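See structure below.
No experiment lies behind these values; they were computed from the predicted model shown. Scope of the values below: all heavy atoms of this structure, side chains included, with no hydrogens, waters or symmetry mates.
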Amino acid sequence: MSRRSASRNRRREERRKNSVELLFSSSSSSSSTRVLLVLLASSLVFSLVPVVCHAAPADASGLRDVLQLGDSLLGRKKYAEAIATYSQVVESHPKEEMGFLKRSLAYRRARKPDQALADLNAALKLNGKSKQALLKRAQLYRSMCKVQEARGDLDALLGIKAKHKTAIEEKKRLDGLATSLAALTKLFEARRDFHGDGFLEASEQHFDTVFRETEFCTKAYIWYARVAEMKQDYEQVIRETNSVLQYRSSNIESLMMKANAHYQQEMFDACKQTIAQIFRTDPDNEEAKLLFKLVKKVAKIKSKADQLAGEKKMRQALGEYRKLAEMGGDLNNRDIEKSVIKTLCISNHEVGKYPEAVKWCTRGLKTVLQEDVALLEARAESYLQQDDFDNAEYDARHILNINRHSRKAHGLIQQIQRLRKMASRKDYYKILEVSKDATESDIKKSYKRLARKWHPDKNRDNVEEAQNMFHDVAEAYEILSDPEKKQLFDMGHDPNDPQARARNNYGFNGGGPFGGGGGPFGGGGQQHFHFTYG
């Protein structure tokens with residue numbers, strides 16, 4: 001080191017000493033001035049010395065000023081600065097109990113119970129009969145649900161001062177907490193399934209007591225998160241687990257519950273991030289590995305299915321959704337299962353895959369979507385398209401049991417009744433051997449071909465059958481070649497009924513001549529209609 005550098009360092013050290021001596025020699029300065037001087041001295045030290053250090057209070061008066069500064073910072077909720085300030089006292093006066101007591105309070109306010117407990121232990125190591133340290137540690141133990149430890153400190157305190165009012169009151173609070181914890185332990189150990197038997201009501205009052213008396217009761221937070229899981233309230237699960245993770249950032253059980261809650265909410269990226277936190281603490285955690293693998297698989301399939309659906313490639317999208325549905329219990333996500341099964345039910349119906357639609361609608365109604373009207377409607381219409389009138393009517397009437405004003409269900413029942421009548425009558429399309437969307441030309445060609453085939457002169461060996469078939473072919477052609485009669489037949493009405501033709505001409509079948517349905521004023525208003533079916 002050069003002589004110039006050595007001289008510069010000596011001058012810097014002299015200035016530091018003079019600043020500190022000036023600070024603690026001024027007995028006439030006010031408390032606020034002394035606090036400001038402490039700050040000034042500290043900042044001067046930080047600016048002069050390359051290594052970060054703290055200004056050490058030189059006497060009792062200076063110690064008091066630093067503690068007052070820490071109290072001021074604590075009152076303004078500047079916990080980190082308060083902890084740093086109290087740490088100056090702890091470092092410069094390691095045998096001073098007050099520094100540890102003050103810092104423990106700051107740690108507790110900052111939700112760092114382990115550090116707070118360490119400071120209280122240090123204070124009691126200095127003075128095992130410190131009433132303040134015993135009381136503060138008992139209260140911290142209570143806030144952590146450590147009942148036995150808290151009771152031990154309170155007994156020690158009452159041994160020193162038998163009529164210590166706060167300690168006596170603390171014992172009463174501790175007894176109430178112990179009762180509620182014992183009750184919750186019994187409730188949770190007695191069952192894995194929290195449904196029924198008044199479990200929620202019985203547990204709620206005990207949870208109220210526990211959360212009123214504690215801040216850092218990890219098992220209570222996790223228990224409450226389990227109840228929220230059972231109720232499928234995943235926002236609550238995340239809130240409760242976050243309460244633990246604020247002071248136990250590596251708590252595996254809380255992290256697993258939080259990750260699963262994110263998965264249930266389809267927040268796949270957040271789920272994977274939470275699992276990554278688990279791996280930092282426990283790289284070989286099997287439960288986390290399984291969840292990560294599941295999330296990765298489900299996210300990939302669902303993303304592809306949603307993209308295909310957005311591009312209107314429904315048949316391909318349905319194939320991807322089917323992969324998710326066929327995972328069954330391995331999917332372990334009730335909301336995704338509901339969404340996928342509903343999509344498979346309704347979309348298969350819309351694209352005309354009626355047997356497939358019935359399959360998925362039935363599965364949904366039996367499992368995750370009981371009493372779902374949209375599924376009942378899709379299944380009823382799919383049954384109807386397959387001429388399964390009994391099952392179609394059963395679903396329609398089931399809908400009416402849920403909502404007796406359902407226009408969809410009333411319309412389905414009316415349609416079923418018309419189709420049943422049609423089924424009992426001649427099927428003119430079948431007789432002419434044409435489809436329902438056949439053109440006039442197709443109908444005419446088919447009629448000519450069948451008329452020649454069944455002409456009685458060409459069927460000498462079965463004249464009676466030929467006469468009947470020839471008559472039916474002529475009748476079918478008469479109906480299907482007439483647009484008005486064909487429309488009536490398609491709607492399930494008797495095309496030879498003059499009243500049916502009159503109603504059709506008047507426009508009733510389209511909702512009336514004024515449009516809009518529900519009468520001449522359109523829209524239906526607030527009227528309610530009651531139907532009677534045979």
Side-chain angles (χ1 to χ4, degrees), residues 195 230-234 263-266 298-299 301-420 492 517 524 528-531 533:
H195 291 275
M230 179 271 290
K231 296 191 291 186
Q232 298 179 38
D233 184 353
Y234 298 111
Y263 171 59
Q264 297 298 329
Q265 294 177 312
E266 298 182 45
V298 171
I301 297 173
K302 192 168 188 305
S303 176
K304 183 177 180 181
D306 291 344
Q307 182 179 348
L308 289 167
E311 295 170 356
K312 308 298 182 184
K313 299 176 181 178
M314 282 310 301
R315 291 186 183 273
Q316 293 169 269
L318 290 174
E320 296 300 317
Y321 286 127
R322 193 178 300 111
K323 291 179 185 177
L324 291 173
E326 289 173 349
M327 289 176 67
D330 292 337
L331 181 61
N332 192 29
N333 189 307
R334 203 167 175 83
D335 286 340
I336 294 178
E337 187 179 4
K338 285 180 182 179
S339 172
V340 167
I341 289 178
K342 194 164 191 173
T343 298
L344 288 168
C345 165
I346 294 173
S347 297
N348 274 303
H349 167 258
E350 289 175 348
V351 298
K353 299 177 74 174
Y354 302 119
E356 192 76 1
V358 168
K359 169 188 167 182
W360 290 110
C361 293
T362 301
R363 174 171 162 180
L365 290 165
K366 283 184 176 179
T367 54
V368 293
L369 290 159
Q370 298 173 9
E371 305 293 295
D372 187 284
V373 171
L375 265 64
L376 285 167
E377 289 177 350
R379 189 171 71 172
E381 290 178 337
S382 295
Y383 278 137
L384 197 57
Q385 291 296 328
Q386 298 175 83
D387 295 331
D388 187 344
F389 302 140
D390 290 343
N391 278 319
E393 183 174 358
Y394 178 86
D395 279 348
R397 293 192 182 278
H398 192 168
I399 295 168
L400 290 176
N401 288 335
I402 298 170
N403 175 15
R404 65 190 183 92
H405 298 300
S406 170
R407 289 179 176 271
K408 186 82 168 182
H410 286 301
L412 279 169
I413 292 173
Q414 290 176 328
Q415 187 179 1
I416 290 164
Q417 291 178 342
R418 287 198 302 269
L419 290 171
R420 277 196 173 119
H528 297 289
F529 300 92
H530 300 280
F531 300 85
Y533 306 110

Starting at [atom1] of [X], measure out to [atom2] of [Y] and round the result to the nearest 0.5 Å.
{"X": "Ile413", "Y": "Glu393", "atom1": "CD1", "atom2": "CD", "answer": "6.0 Å"}
{"X": "Ile341", "Y": "Tyr321", "atom1": "CD1", "atom2": "OH", "answer": "13.5 Å"}
{"X": "Asp330", "Y": "Asn332", "atom1": "CG", "atom2": "CG", "answer": "8.5 Å"}
{"X": "Gln232", "Y": "Asp335", "atom1": "CD", "atom2": "CG", "answer": "6.5 Å"}
{"X": "Leu324", "Y": "Ser339", "atom1": "CG", "atom2": "OG", "answer": "9.5 Å"}
{"X": "Lys353", "Y": "Met314", "atom1": "NZ", "atom2": "CE", "answer": "10.5 Å"}

Sidechain N-carboxylate O distance under 4.0 Å for Lys323, Glu320: yes
Any ion pair linking Glu356 and Arg322 (charged N to carboxylate O, less than 4.0 Å)? yes
Can you give me the closest heavy-atom contact between [X] and [Y], atom names plus distance?
{"X": "Trp360", "Y": "Cys345", "result": "CB-N, 3.8 Å"}
{"X": "Ala325", "Y": "Arg363", "result": "O-NH2, 2.7 Å"}
{"X": "Leu318", "Y": "Thr343", "result": "CD2-O, 4.1 Å"}
{"X": "Arg315", "Y": "Val351", "result": "NH2-O, 3.5 Å"}
{"X": "Arg334", "Y": "Gln264", "result": "N-OE1, 3.9 Å"}
{"X": "Leu412", "Y": "Ala396", "result": "CB-CB, 4.1 Å"}

Could you please spell out the steps behind the side-chain contact (heavy atoms from CB on, under 4.5 Å) verdict for Glu371 and Ile402? CA-CA 8 Å; Glu371 305 293 295; Ile402 298 170; 3.6 Å; yes
Under 3.5 Å donor-acceptor, [X] side chain and [Y] backbone:
{"X": "Asn333", "Y": "Tyr263", "answer": "yes"}
{"X": "Ser382", "Y": "Ala378", "answer": "yes"}
{"X": "His398", "Y": "Val373", "answer": "no"}

Go through Met327 and Glu337 one step at a time and tell me if the side-chain contact (heavy atoms from CB on, under 4.5 Å) criterion holds. CA-CA 9 Å; Met327 289 176 67; Glu337 187 179 4; over 6 Å; no
Determine, stepwise, if the pair Leu419 / Asp387 fulfils side-chain contact (heavy atoms from CB on, under 4.5 Å). CA-CA 9 Å; Leu419 290 171; Asp387 295 331; 5.8 Å; no
Check: Asp372 and Lys338 side chains under 4.5 Å, non-hydrogen atoms: no
Looking only at side-chain N and O atoms, does Tyr394 offer a donor or acceptor that is under 3.5 Å from a partner on Asp388? no
Step by step, would you call Leu375 with Arg379 a side-chain contact (heavy atoms from CB on, under 4.5 Å)? CA-CA 6 Å; Leu375 265 64; Arg379 189 171 71 172; over 6 Å; no
Check whether more than 12 heavy atoms from other residues, nucleotides or ligands sit under 6.0 Å from atom NZ of Lys304, and answer yes or no.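 No, because the 6.0 Å sphere around NZ of Lys304 holds 12 heavy atoms or fewer from other groups.
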Just wondering, more than 12 heavy atoms not from Lys408 lying within 6.0 Å of its NZ? no
Just one of Glu381, Glu377, Gln385 clears the side-chain hydrogen bond (donor to acceptor under 3.5 Å, both in side chains) bar with His349, so which one?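 The option that passes is Glu381.
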